[in-house]
Amino acid sequence: FVNKLFCNKGDDESSGDEHVFDADAVGLTHVGEAVHQVLGREHGQYHQKMWNVTSGKVVGSVHQTPMNVWGSSEDPKEGNDDWFPEKMGEIIGRTEKWCDIMSLGPPDGKFMTEFKAAIEKVAERSKTAKETIIVRLLVGNIVGMPVNCSAVLKALTKDVPQDANMQVWVGAWRKGFSWNHAKLIAVDGVFLHTGGHNLWDQHYLKNNPVHDLSVEFEGCVARDGHRFANLQWDFIARNQQTCIGSCVDMMPDAMPTVLKTRVTVSEWPEGVACTYPPTFTKKKVAKTTNYSRMNSTVEKEGIVDKGVPMITIGRLGTMVYKHRSADDAIIAMINSSQKIIRLVLQDIGPVTVPGTKKALPGLKWPKAYLAAIGEAIYQRGVDVEMVLSNPNSIPGGLKGTEANYGNGWSCVDVAAEVIKSIKKNHAEVDDGKLRAMVIDNLRICFLRHDKNSKYSDGKTVGLHSKHFIVDDVSTYIGSQNLYMCDLAEWGVVIDSEAEVKKIKEDYFDPMWEDSYTGEDVDVQTVMDGLNIDRDGEQTWLDYVRQNDAQHMMAHGANEYLSVDEVEMLAAEVSTLSVVKGEVHEDKGDDVATELDETSISSNEDVPEANPSSSAEKAALCGISDSIQLAECA
């Protein structure tokens with residue numbers, strides 16, 4: 001590989017002719033190299049923004065909740081997983097200079113309690129800090145459920161002294177049916193926690209908890225979490241600086257609007273902190289003890305140990321028009337498979353019309369993923385093992401309108417869609433061979449505890465993980481579902497056979513042992529179902545780029561969210577533009593034109609844009625020059 005990185009200078013419609021080679025792409029497996037190649041070829045301009053080849057260390061075992069359920073017929077006891085929000089709080093509490101927190105929605109219950117305690121711990125540390133400590137919390141502004149950023153901020157900082165040498169921001173955004181869905185905590189460019197977990201007490205810590213998976217890292221990989229957060233904070237600042245954004249800013253956060261794009265942000269201490277947070281660069285954390293300790297750990301006695309190869313992959317939804325780098329990375333992983341693909345997913349099919357085997361209007365099955373899985377089976381004889389959530393599982397005594405895991409499909413439906421993709425791409429294949437592939441290569445089951453799919457009260461066991469392993473050498477853990485969504489997502493590909501072996505033994509193997517019985521897929525029923533059309537009917541929703549299943553699901557409303565169906569419908573309508581009687585998708589503005597496309601070394605940060613020289617305070621804020629900093633002038 002070449003040592004110099006050549007970045008694509010084009011706009012978001014670039015042909016991708018300029019191929020980015022990441023100098024850190026050394027020692028990758030065949031899976032990791034396939035990902036590196038497709039990202040460098042198709043998404044070069046988003047290197048170190050939406051994707052990056054990096055390294056790090058997996059800390060301990062993966063964080064799976066509920067804990068200690070495999071091989072047991074007993075329900076998890078109360079308090080079984082209180083360790084999880086406590087761990088998240090402990091990571092936040094390590095902050096010496098910079099903390100980024102991202103999730104779908106604000107924390108509640110014990111999550112809020114632990115986050116609040118962590119913020120107070122950081123505030124106490126700030127008394128001796130030479131520089132102001134920065135904390136940025138960013139969540140999705142779900143259609144019809146606007147986030148009250150001011151209330152979240154007030155709860156987090158309630159007991160923090162006003163004179164603490166710390167500044168905190170809470171922000172939320174959406175564009176049409178795209179919003180943040182990434183879940184991560186990044187601290188000082190050193191510590192990282194990411195995966196599928198949301199921050200909701202009743203979903204994870206009460207009775208009938210939903211299963212989920214996250215992982216803790218240390219090392220350079222953490223910097224990419226901060227960088228991904230930069231992109232979304234920049235979007236918030238740019239859109240609130242518009243005339244319409246300024247008007248919305250004067251409205252209460254919880255008040256619904258009919259606007260396609262909505263951003264909100266609150267800062268603390270009010271009147272001291274700038275309206276928008278500064279931009280992360282590694283220079284800003286280089287003097288922290290955490291960063292120094294990491295460097296000393298990496299290099300001992302002249303031996304450099306950065307951990308194992310990793311590739312961070314993200315997507316921004318409709319914040320950009322064309323590029324969905326994480327999608328291409330996932331397909332590349334599947335296409336590189338030679339032996340086996342193991343998947344642990346909430347679902348792969350879109351949300352169903354209640355009581356039917358038909359997707360909601362406008363929603364479709366993810367044809368690209370299904371085709372890749374089908375080709376792996378047909379062309380290379382790859383085995384596929386898949387664990388799915390039991391349909392419509394509801395945790396914590398909640399209502400179906402408050403939480404719902406599993407989109408309504410049977411394992412037979414999923415198997416039929418995989419086989420259907422093979423039949424579509426290979427018309428010559430006979431039913432005997434298709435039948436043999438279902439028997440020999442395709443194993444799909446619902447999640448179980450000790451072969452039981454229900455808790456003791458009869459409620460089914462839910463699954464929210466987004467995890468897959470390819471050829472037992474490379475694995476993904478992150479926020480991205482494989483069913484049809486267009487949200488902002490982020491995750492990490494751990495490209496190390498040794499680390500994947502540990503994760504597989506800790507998580508997949510006991511889950512598979514408990515879950516797979518062979519009863520969930522009947523071969524004849526699969527074959528009989530190959531002619532069933534499970535896609536939703538084509539309506540005007542088909543033309544909405546954000547024909548997103550996720551917004552149709554319950555999102556765990558809490559005291560910081562308000563529900564408004566009018567806003568939801570208005571957002572759908574405003575996403576469309578009607579020209580000459582035809583409905584066309586709205587390409588919208590393109591963040592690519594706002595991002596710095598300067599050539600950079602693969603080991604350096606994306607250069608920070610120079611703020612206006614006339615705004616001394618803006619320089620202190622460190623926000624990119626694409627933002628008008630009237631508040632900081």
Side-chain angles (χ1 to χ4, degrees), residues 60-89 107-114 183 195-215 343-347 386-411 444-467 477 503-520 553-558:
S61 300
V62 290
H63 294 175
Q64 54 177 304
T65 62
M67 281 280 285
N68 305 317
V69 295
W70 307 125
S72 172
S73 58
E74 299 290 325
D75 289 356
K77 304 295 183 185
E78 185 174 350
N80 184 74
D81 295 294
D82 285 357
W83 66 272
F84 183 71
E86 291 169 0
K87 181 63 178 178
M88 298 180 89
D108 65 14
K110 189 170 178 61
F111 289 93
M112 175 59 83
T113 299
E114 296 298 328
K183 303 98 167 41
H197 284 90
N198 289 307
L199 307 176
W200 300 330
D201 194 291
Q202 286 188 278
H203 294 239
Y204 297 106
L205 307 182
K206 305 302 182 183
N207 59 305
N208 306 338
V210 63
H211 278 255
D212 218 331
L213 179 69
S214 294
V215 60
L343 305 101
V344 182
L345 305 171
Q346 179 177 334
D347 213 319
M386 187 184 304
V387 183
L388 300 170
S389 177
N390 291 282
N392 308 121
S393 297
I394 304 171
L398 296 167
K399 300 176 182 178
T401 54
E402 296 173 314
N404 204 322
Y405 295 92
N407 292 345
W409 304 104
S410 69
C411 294
I444 305 175
C445 66
F446 287 132
L447 178 66
R448 293 180 173 86
H449 295 167
D450 197 28
K451 302 296 193 276
N452 190 346
S453 63
K454 296 181 179 180
Y455 286 107
S456 58
D457 63 359
K459 299 290 186 180
T460 54
V461 182
L463 178 63
H464 189 247
S465 302
K466 301 92 169 61
H467 169 58
I477 298 175
I503 294 170
K504 176 175 170 291
E505 291 175 349
D506 285 345
Y507 186 65
F508 186 88
D509 287 351
M511 176 185 286
W512 188 254
E513 177 65 26
D514 267 26
S515 301
Y516 185 72
T517 63
E519 66 190 68
D520 292 316
M553 301 179 65
H555 284 283
N558 60 30

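Counting begins at 1 with the first residue of the sequence. Not measured: the values here are computed from a predicted model.
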Criterion side chain to side chain contact (heavy atoms under 4.5 Å, CB included) on W70 and E513, from CA distance to verdict: CA-CA 8 Å; W70 307 125; E513 177 65 26; over 6 Å; no
Would L447 and N390 satisfy side chain to side chain contact (heavy atoms under 4.5 Å, CB included), going step by step from the backbone distance to the final call? CA-CA 6 Å; L447 178 66; N390 291 282; 4.2 Å; yes
Quick one: do V387 and W512 satisfy side chain to side chain contact (heavy atoms under 4.5 Å, CB included)? Show the steps, please. CA-CA 7 Å; V387 183; W512 188 254; 3.5 Å; yes
From CA spacing to verdict: side chain to side chain contact (heavy atoms under 4.5 Å, CB included), H464, N198: CA-CA 9 Å; H464 189 247; N198 289 307; 3.4 Å; yes
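Judged by distance alone, the side chains of D450 and S73 never bring a donor and an acceptor atom under 3.5 Å apart. Side-chain contact of H211 with Y405: a donor-acceptor pair under 3.5 Å is absent, judged by distance alone. No hydrogens or angles considered: a donor-acceptor pair under 3.5 Å links the side chains of S61 and D506. Using modelled atom types, one finds a donor on one side chain and an acceptor on the other under 3.5 Å when comparing Y204 with D212. Side chains of W83 and D81: a donor-acceptor N/O pair is present below 3.5 angstrom, by distance only.
Taking both residues in full, the closest heavy atoms of L463 and L388 are given as CD2-C, 3.8 Å, listed atom of the first, atom of the second, then distance. Here the shortest heavy-atom pairing between P66 and Y455 reads CG-OH, 4.4 Å. Annotation for S389 and G462: closest pair OG-CA, 3.5 Å, computed over non-hydrogen atoms. Shortest non-hydrogen contact noted between G195 and S214 is CA-OG, 3.5 Å. Minimum interatomic distance between D347 and N407 (heavy atoms only, all atoms of both residues): OD2-N, 2.7 Å. Across every non-hydrogen atom of D75 and S456, the tightest pair is OD2-OG, 2.5 Å.
Taking OG1 of T460 as the reference point, atom CD1 of I394 lies at 7.5 Å (rounded to 0.5 Å). For the atom pair I477 CD1 and Q64 CD, the distance stands at 10.0 Å (nearest 0.5 Å). Distance check: Q346 CD to N404 CG gives 8.5 Å after rounding to the nearest 0.5 Å. Taking CG from N207 and CG from D457, the interatomic distance works out to 6.5 Å, rounded to the nearest 0.5 Å. With rounding to the nearest 0.5 angstrom, the OG1 atom of T65 is 9.0 Å from the CG atom of N80. Annotation: the span from M88 atom CE to H63 atom NE2 amounts to 10.0 Å, rounded to 0.5 Å.
With respect to the salt-bridge test (charged N to carboxylate O, under 4.0 angstrom), the residues R448 and D514 do not qualify.
In the displayed structure, K459 atom NZ is contacted under 6.0 Å by at most 12 heavy atoms of other residues, nucleotides or ligands. Within a 6.0 Å sphere centred on NZ of K451, other residues, nucleotides and ligands contribute more than 12 heavy atoms. In the displayed structure, E78 atom CD is contacted under 6.0 Å by at most 12 heavy atoms of other residues, nucleotides or ligands.
S72 is linked by a side chain to side chain donor-acceptor pair (under 3.5 Å) to nothing, counting only residues two or more places apart in sequence or in another chain. By the salt bridge (charged side-chain N to carboxylate O under 4.0 Å, His left out) test, E86 is found to be paired with K110, residues two or more places apart in sequence or in another chain being considered.
With hydrogens and angles ignored, the 3.5 Å screen pairs a side-chain donor or acceptor of D108 with a backbone N or O of D201. The backbone N or O of E519 sits less than 3.5 Å from a side-chain atom of T517, completing a donor-acceptor pair.
By the 4.5 Å heavy-atom criterion applied to side chains, S393 and V210 are not counted as neighbours.
A tilted orientation is assigned to the rings of W200 and H203, their planes being inclined by 30° to 60°.
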